[in-house]
Structure formats: structure tokens, C-alpha cells
Amino acid sequence: MGIILSSETRVVVQGITGREGTFWTDWMLKAGTKIVAGVTPGKEGQRVHGVPVYGSVRKAVKETGCDTSVMFVPPAFTKDAVFEALDAGIKTMVILAEHVPVHDMLEMKTFATECDAMILGPNTAGSATIGEAMLGFIPFWLDYVYRPGPIGVVTRSGSLTNEVSSHIVSAGLGQTSVIGIGGDPVPGTRTADILKLFEKDDKTEAVVLVGEAGGTMEEEAAELVKQGGFTKPLVAFLAGRFAPPEKKMGHAGAIITGGKGSVQSKTEALESAGARVAMKPAEVGEILKEMSF
Amino acid sequence: MKLYEYQGKEIFRNAGIPVPEGVLVRSPDEVNKCSKSMESPVMLKAQVLAGKRGKAGLIQKLDDWGKIKEIVGEWIGRKFGSEKINSVLLENPLDIEKELYAAITIDPASGSPIVMACGEGGMDIEELSSAKPEAIVTERVNIFKGLLPFQIRNMVADIGLSGTVAKSVSKILGTMYRLFRSYDAELVEINPLVIDSDGNVWAADAKFRIDDNALFRHKEFERGREQFDDDLEYEAFKLGLSYVALGGNIGVICTGAGLTMTTLDLIKLNGGKPANFLDFGGANYKNAANALRIALKIKGLKVLLLVTFGLFARADTIAEGVVQAIEEIKPKVPIIMAVRGTGEERAREMIEAIGIETYNDTEGAVKRAVELAEA
């Protein structure tokens, strides 16, 4: 298995009866994900692609023993859905929605910490253990992009992950797990947290970090490497090298503000910790090929 | 969304934080009314959303009403950076004994609100934190417990305050935190927080920034043209698209923020000049058509570069949208497109059928676009 998710992980889809929830449940099942329950209040008793729908997460946990949730819930209702999941004992949740209010996120993150649970996202394309299971909308079926292999991927961006991953595969390699932490300024889980999980994962031999301008997560990752908390080969690609300051570049978290968060300073931090930083996505593949692991 | 100083001060005043008496004027004629109700000298403060207006001379203390009217006339309609000045706040000046700094914002690393205070104000926080980082006192707040009285007490003592001043500042910090939470603020800042010669404490300035994603809970605020640097940025916002003007001649339309930034970086690394950032996300026909319309309005455009790597939408669905939009809008500039994702073969056929060059790698498409822009 990879980190966080395996083919045995028992998954509930919150918002399963909505258009996107239904559409992506089909793809997640095709990826091998063990979806045991769906939840939509008021739609109890229905089935979506054979998956039983419950009216509450508490009921779903009781009936199916699910402990991981993927949420197709609009941003305004995300906080309530996450609180419900945490209260029911869910330990891992993926928030796909973009535009979740940041104060809601502060509450969710604090509550999750109190419950010893992990939130991935918001504003993520999801996570996958390649060849086993997928939560969200990662196009695992594109075999020139995703293939089982020894590389862990941690990322702040969806379509850029496809771009970078395609170069991992064209280098003759593949991925263990692809973990999307999302493009928001306050993600539930940070890059360094994921590196710690990859460090413990025997199958992951090296990690590709897909970062971008804004925030301090790449610097924290560099600090973790310096302190010996992550010892495997690390290759980074960072988007937004030429992003102008004080402008949000699409992602709410992608903003260089008060002179902080530039790709240049992140590159310096990572390189001084011994990581390799690619200037272009294609270089990620070339660097991986040069490395021996 | 940033609020103007006068809006922030109105929120402060209603919540019980003392602010100087003042009047907002939108034309020189409105100054006449003030000359009857206010005493000179008067502080003139141009209302702009960007910082560092003081350094640009947009805060002045003046005595003579004729001169005040003249300056207001000069400022209104003038540009400060990309912003137009629409109003000026006239205030009674404060008799400043000491300036402090107080702010509440979000600490992304801990995922909690953070309160910051400093016994010295006036400078902006970036200067302050590089000049005297040790002078800034901080407290992280557990969002469920709120800012607790002992935290406030410790901070106020640590910045060297005592007696009635300490009491006033404590009350202000408590109110700032309440406002930070109830307005879904990303930032509530008072700089400077002024102690006058009688020991009264005043919010001499107000910086208030509300989370755009929470505006559905605060219907009284609406993001108008003044919130954006550029007409097209505003137009894109109204269509649910994210746009940033960059000044070059290669128009860029991509799916996903990270891939868009990467495309811009690759254009620069290949010697080209990107005209814009434009992420058309969900990529249905409507989004594709809207994104094309926005990008084609960019002045001096030489070539348009589309880059997609399907996540949410299939490549052929995106292609259908793009083809429909191009046939309807009939752009005159050459278009280059990198198409990847499910259904990409069909997508490429559809797009090539209307005479557009397609590529299966981002950098190949970027290089071709740079070449065409140079020609």
C-alpha cells in the first residue's frame, strides 16, 4: 500500500448523490477504491453505482465501518460536513471544494487536531495510491501520466501534477502515492507532514514535491530535510517563478506578499537542504534519471 | 477584499473602538460643508486600498480651507498606482504622545489566528519585523477558545503599557478579535494605534481585509471595479475567471492555477513575454468562450496559447467548448494549443480541423508561441 490510502481503506463519499459525486464515484470505484458508503442527508436508502446511501455519517460508520471520507460538498457547507465526519469518528478526509472560507478552515483544522484526524485539502484534486485506490479526480487511467513505481508525489496543484507526473513516467519510473494537499493558504495538512509519511513508507524511494509561489510550506520542507526528518532523495518543481508580487495567481495560497513566498527564496531553501530543484517540469524526469536510488 | 480606511473606521466606531472625528468628501465642493462643522488644522487622507500612501504624500496636515479644497481637488480623480482616488477623509488631528501597532491575522503554519502588538507603530509591519523583530509580541489563539483575557494582559504588559492606557488597549484588542471573527477577516490592523497627551487611545488608521470566499456571509460588501488593478481583471472576476495582467504579447489560457503559472514561467524561460494569467478551470463551453473573449481584448496580442491537462473535464469536452468559442468569436491572432487528457486524440482532431496547431507537450507549444510572437 502507499501512504494514507490503500485498496483496503473503507471509504465514504459525502455528497454522493450530487452530479460530481455520482460521476466521480464511478471513476473512484474503477480505480479500485473500496467505497462502502455514501452520505446525503434525506437520500437514505438509494444506491449510487451499487454503493448504499445513508442519511448521516454516523449511520454510515455504524453500518459499514468506514473511516475515510471524500467530500463532494459545496464550500459553504464544507465545515458542517467535516464536523459531522469528525464527530462520527472519521480519521482521514479529503476536501475537494475550492473557495472554502478560511475561518471555517481554521475551525476544521483545530477540530481535526483534537480528534487526531487528518484533513487533505481544501482545493485539491485528491489523492491516490497508484494501482490501488483514488480519492477525488486524479486521472489514474492515463498510463503515460500515472503508473505504479517508486516515486512519492506531494502537490499543491492538480493539472500541474499531471504535467509533472507525465515526466516521472517518461523517465521510466512511476508513483507510489500522489497526495494533493491543495492550493489554499491554510491547508489541513502541510507538505512537511506528507514528507514524514513518505519517509516511513518502504516502497517510496524518492519524492517529487510540486510546489508554487506563496506561503512557507516549501521552506518548512527544507527545514525538515535539514533536521534529518526526511532523508530520501527530494526533487522539487515550483511554479510561479515569474509571478508578480501581491497578486493571487489563481490559487488563494499562491501570493507573494510582504516580499515573502517567492520561488527564488523557496529554491534557495530547498537547495541549501540538498534537494534538487527543476527549472522546468521536464527536468524532473531528467534529474530522477540521474539519481541513483 | 480590502476595505477603505473610512469603512474600517466606521466598523471600529460602531464596535466602540475610538477613532478621530472625520468627514469623507468625494469632491472639492463638499469641503465647504466641512469648513463650517470642523476646525482646522485638518488631516487629509486619500482613500486608497494600496499601502504606502503616506510616502507618496497622500496624507497631509493643512490649516487653510482654501488650500484644503485645492488639494482635495488635485487628489480626486488622480491615480495612485493602478487605483483612482475617489474620496478623501478629513479628520481632526491627534495630539500624538506615542504610537503603537496592533493586528490580528491568520498564521497558516499553525492554522490559527495570531495577534500581534508592538510598542512602536507608524512603520509598516514588514519594515518593523525586519528592523526590530524582538519588539513584536505575538499570541496564537485557539479558535474555539477565543482570545483569552490573560493573553491580552500578557501582550499589553510585554509592550510596556500599564494603568489606564493598558486597560484601553486591552479593550481594543478584545474588540479587534471579535471583529476579526465576525467579519471573516484575513487582517484587522491598526497602525498606528495612538496614545494622545491625555492618555486616550485612538485608532489613527484602519486596515481591514475580508476573506473573498466568505463574502456570501457578508452581503453588505461587494467587490466593485476599485478592488481590481485592471478592467479585464474585473470583467474576468464577474465571469468567475481568475485573470492577472502581465504586460506581454502572448495571451495565455490554461486549466488549473499551477499549470498556468508553469506555462508563464516556460514562456519567460524561452525568451517570450506573457500577456496575462488566465485560468479557465472547469473548462466547459461557457468558460472557454468567456476566457477567449477576455484574452482577445488584451492590447498588442500577437498569439494566443491554450494549455490544458484535463482533470475535471475530458480533453474532448474542453475541445468542443474551445472549437465552438473560436468559430463564434473568429479570433484573428494565431492560436497554439497543448491538449492532454482523456479523449485527447479526438480533441486534437477537432481542434486541428479548424486550423489550429496542436501539441502534446507544454514546452513544444510554448516554444511555437514564442516564435510566432517574435515574428
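All chains are named by letter (A, B, ...) in the order of the sequence lines, taking the proteins before the strands, and each is independently numbered beginning at 1. Just so it is clear, the structure is predicted and the values come from calculations on it, not from any experiment.
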Proximal component of L246(B), with respect to chain A [non-hydrogen, under 4.5 Å]: side chain
Proximity breakdown for D211(B) and chain A, heavy-atom pairs closer than 4.5 Å: side chain
Chain A contact via S112(B) - which portion, at a heavy-atom distance below 4.5 Å: backbone
Min side-chain heavy-atom separation D229(B)-K247(A) under 4.5 Å: yes
Criterion side-chain contact (heavy atoms from CB on, under 4.5 Å) on R340(B) and N162(A), from CA distance to verdict: CA-CA 9 Å; R340(B) 276 80 40 88; N162(A) 294 342; over 6 Å; no
Whether T110(A) side chain and I143(B) backbone form a donor-acceptor pair below 3.5 Å: no
Ionic contact status for D104(A) with R217(B), cut-off 4.0 Å: yes
Sidechain-backbone polar pair: D265(B) side chain, R241(A) backbone, donor-acceptor under 3.5 Å: yes
Largest heavy-atom contact set with chain B, pairs under 4.5 Å, which of E107(A), H251(A), K248(A), E212(A): E107(A)
Candidate pair L269(B) and F242(A), rule side-chain contact (heavy atoms from CB on, under 4.5 Å), full reasoning: CA-CA 10 Å; L269(B) 290 171; F242(A) 299 101; 4.2 Å; yes
Residue part contacting chain A, namely of D107(B), when any heavy atom lies under 4.5 Å: neither
Audit row: E163(A), T362(B), side-chain hydrogen bond (donor to acceptor under 3.5 Å, both in side chains) steps and yes/no: CA-CA 8 Å; E163(A) 175 82 34; T362(B) 307; 2.5 Å; yes
